[in-house]
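To start, the structure itself, in structure tokens.
Predicted model, so just to flag it, every value in this text is computed and none were measured.
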Amino acid sequence: MNLTVGLTGGIASGKSLAGDLFRSHGVEVIDADQVARDVVTPGHPGLLELVDHFGPDILETDGSLARRRMRERVFNDPEARRELESILHPLIQAELARQRDASTGIYCILMVPLLARSGMRVLVNRILVVDTSEASQISRLCKRDNISQELAKKMLDAQETRQERLAVADDVLFNSGEPALLDAPIERLHQHYLKLARGQVDSSLRLHLPESHSVP
């Protein structure tokens with residue numbers, strides 16, 4: 001297995017933007033969110049298991065998962081969220097491992113939102129955390145999903161804490177919200193991971209970018 005970097009961060013922290021920038025360097029980025037969508041498509045065993053557990057009211061009239069309704073349900077019921085995760089996480093992990101093993105690049109990235117708490121840490125060699133303030137997350141989430149601040153806060157509370165993510169980080173990328181400011185840090189991380197994959201630098205070297213930023 002080649003070098004596998006786990007890219008993680010809180011909801012609306014900028015993981016997708018970071019992933020797109022790595023893709024622009026020719027890196028294969030395997031997105032756990034996309035895999036999570038794939039395993040609940042109509043006819044997939046994952047969706048059938050969800051219906052068996054939660055009932056047919058989680059479906060739209062066309063047979064697809066009613067994502068917003070399901071999301072609001074589990075974020076208002078911690079036990080339901082744990083049940084959902086117990087069904088989907090093994091399916092997602094197995095598919096991520098399959099795609100990782102099929103990757104032909106010198107290194108690849110697994111983009112996984114709940115990497116610190118989930119058992120998916122075993123899939124990666126190194127963890128890159130995209131970090132930002134909670135206030136920025138809530139603001140972006142409300143704007144992106146057209147939801148209330150109350151629901152946005154519940155969604156953040158259901159995830160790993162910022163401290164949990166930073167505690168497992170090998171590298172940290174702070175996202176201030178200005179997309180252009182990530183170009184240079186991603187380029188540096190890319191070069192660093194190429195060298196790591198080739199055994200040209202010590203894996204104990206940690207990067208915190210941009211270096212001039214002090215995490216609040």
Side-chain angles (χ1 to χ4, degrees), residues 1-2 4-20 22-23 27-105 107-130 141 144-145 147 151-152 154-160 164-165 168:
M1 182 181 73
N2 291 336
T4 305
V5 178
L7 172 60
T8 193
I11 191 168
S13 62
K15 295 185 300 296
S16 295
L17 174 59
D20 287 343
F22 276 109
R23 286 190 184 97
V27 180
E28 182 174 2
V29 178
I30 303 165
D31 185 357
D33 282 343
Q34 181 60 54
V35 171
R37 289 189 287 271
D38 293 342
V39 300
V40 292
T41 52
H44 193 284
L47 183 58
L48 298 177
E49 192 170 349
L50 289 182
V51 172
D52 285 343
H53 188 85
F54 292 102
D57 61 325
I58 66 170
L59 297 178
E60 301 284 10
T61 56
D62 64 359
S64 63
L65 180 65
R67 297 182 183 281
R68 182 160 186 162
R69 191 157 65 243
M70 188 74 199
R71 181 177 62 188
E72 291 175 352
R73 177 171 175 176
V74 299
F75 279 113
N76 285 293
D77 184 345
E79 181 58 30
R81 176 171 55 82
R82 285 190 288 271
E83 292 166 355
L84 175 71
E85 291 173 352
S86 71
I87 293 170
L88 294 185
H89 280 187
L91 299 173
I92 295 167
Q93 182 167 336
E95 178 59 18
L96 287 173
R98 186 194 70 76
Q99 293 189 31
R100 176 204 62 186
D101 293 344
S103 175
T104 58
Y107 81 91
C108 71
I109 285 179
L110 297 191
M111 190 158 59
V112 183
L114 299 177
L115 192 56
R117 281 186 190 171
S118 74
M120 297 184 198
R121 287 175 63 181
V122 300
L123 299 177
V124 306
N125 309 112
R126 192 174 184 89
I127 296 176
L128 167 61
V129 171
V130 180
L141 194 53
R144 187 190 75 185
D145 291 1
I147 60 175
L151 179 55
K154 285 183 179 179
M155 292 171 71
L156 261 66
D157 290 343
Q159 292 201 318
E160 302 157 338
E164 283 180 289
R165 289 189 295 270
V168 301

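- In this structure, CG in Leu151 is found 7.0 Å from CG in Asn76, a value given to the nearest 0.5 Å.
- Distance alone, capped at 3.5 Å, is enough to place a donor-acceptor pair between the Asn2 side chain and the Gly105 backbone.
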Side chain to side chain contact (heavy atoms under 4.5 Å, CB included) between Leu88 and Leu50, intermediate numbers included: CA-CA 9 Å; Leu88 294 185; Leu50 289 182; 4.2 Å; yes

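- In this structure, Asp33 and Pro113 approach most closely via the heavy-atom pair OD1-CG, 3.4 Å.
- Minimum heavy-atom separation, His44 to Gly46: ND1-N, 2.9 Å.
- Partners of Ala116 under the side-chain contact (heavy atoms from CB on, under 4.5 Å) rule, at least two apart in sequence or in another chain, are Glu160, Val168.
- Shown here are the side-chain hydrogen bond (donor to acceptor under 3.5 Å, both in side chains) partners of Arg98, two or more places apart in sequence or in another chain: Glu95.
- In this structure a side-chain-to-backbone donor-acceptor pair under 3.5 Å is missing from Thr104 to Ala102.
- Residues Met120 and Leu110 fail the side-chain proximity criterion, which asks for heavy atoms closer than 4.5 Å.
- In this structure, Arg69 contributes its side chain and Asp57 its backbone to a donor-acceptor pair below 3.5 Å.
- For Glu85, the side-chain hydrogen bond (donor to acceptor under 3.5 Å, both in side chains) criterion is met by no residue, not counting sequence neighbours.
- For Ser64, the side-chain contact (heavy atoms from CB on, under 4.5 Å) partners are Pro42, Glu60, Asp62, not counting sequence neighbours.
- Taking Glu72 as the reference, Arg68 meet the salt bridge (charged side-chain N to carboxylate O under 4.0 Å, His left out) condition, with sequence neighbours excluded.
- Asp38 meets the salt bridge (charged side-chain N to carboxylate O under 4.0 Å, His left out) test with no other residue; sequence neighbours excluded.
- Side chain of Glu49 to main chain of Ile87: no donor-acceptor pair is present (N/O by atom type, distance under 3.5 Å, no hydrogens or angles).
- Pairing each heavy atom of Phe54 with each of Arg73, the nearest pair is O-NH1, 3.4 Å.
- Looking at Arg100, its side chain does come within 3.5 Å of a backbone N or O of Leu123 through a donor-acceptor pair.
- Remark: Leu17 engages Leu21, Pro179, Leu182 in a side-chain contact (heavy atoms from CB on, under 4.5 Å) (not counting sequence neighbours).
- Sequence neighbours left out, the pairs with a member in residues 115-124 that pass salt bridge (charged side-chain N to carboxylate O under 4.0 Å, His left out) are Arg117-Glu164.
- For Asp77, there are no side-chain hydrogen bond (donor to acceptor under 3.5 Å, both in side chains) partners, not counting sequence neighbours.
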Arg81 and Leu84: side chain to side chain contact (heavy atoms under 4.5 Å, CB included), yes or no, with the steps? CA-CA 5 Å; Arg81 176 171 55 82; Leu84 175 71; 5.6 Å; no

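- Residue Ala36 comes nearest to Ile92 through the heavy atom pair CB-CD1, 3.6 Å, listed as atom of the first residue, atom of the second, then distance.
- In this structure Pro45 satisfies the side-chain contact (heavy atoms from CB on, under 4.5 Å) test with no other residue, sequence neighbours excluded.
- In this structure, CG on Asp145 lies 6.5 Å from CD1 on Ile11, to the nearest 0.5 angstrom.
- For residues 8-20, every residue pair satisfying the side-chain hydrogen bond (donor to acceptor under 3.5 Å, both in side chains) rule, not counting sequence neighbours, is listed here: Asp20-Arg23.
- Shown here are the side-chain hydrogen bond (donor to acceptor under 3.5 Å, both in side chains) partners of Arg37, two or more places apart in sequence or in another chain: Gln34.
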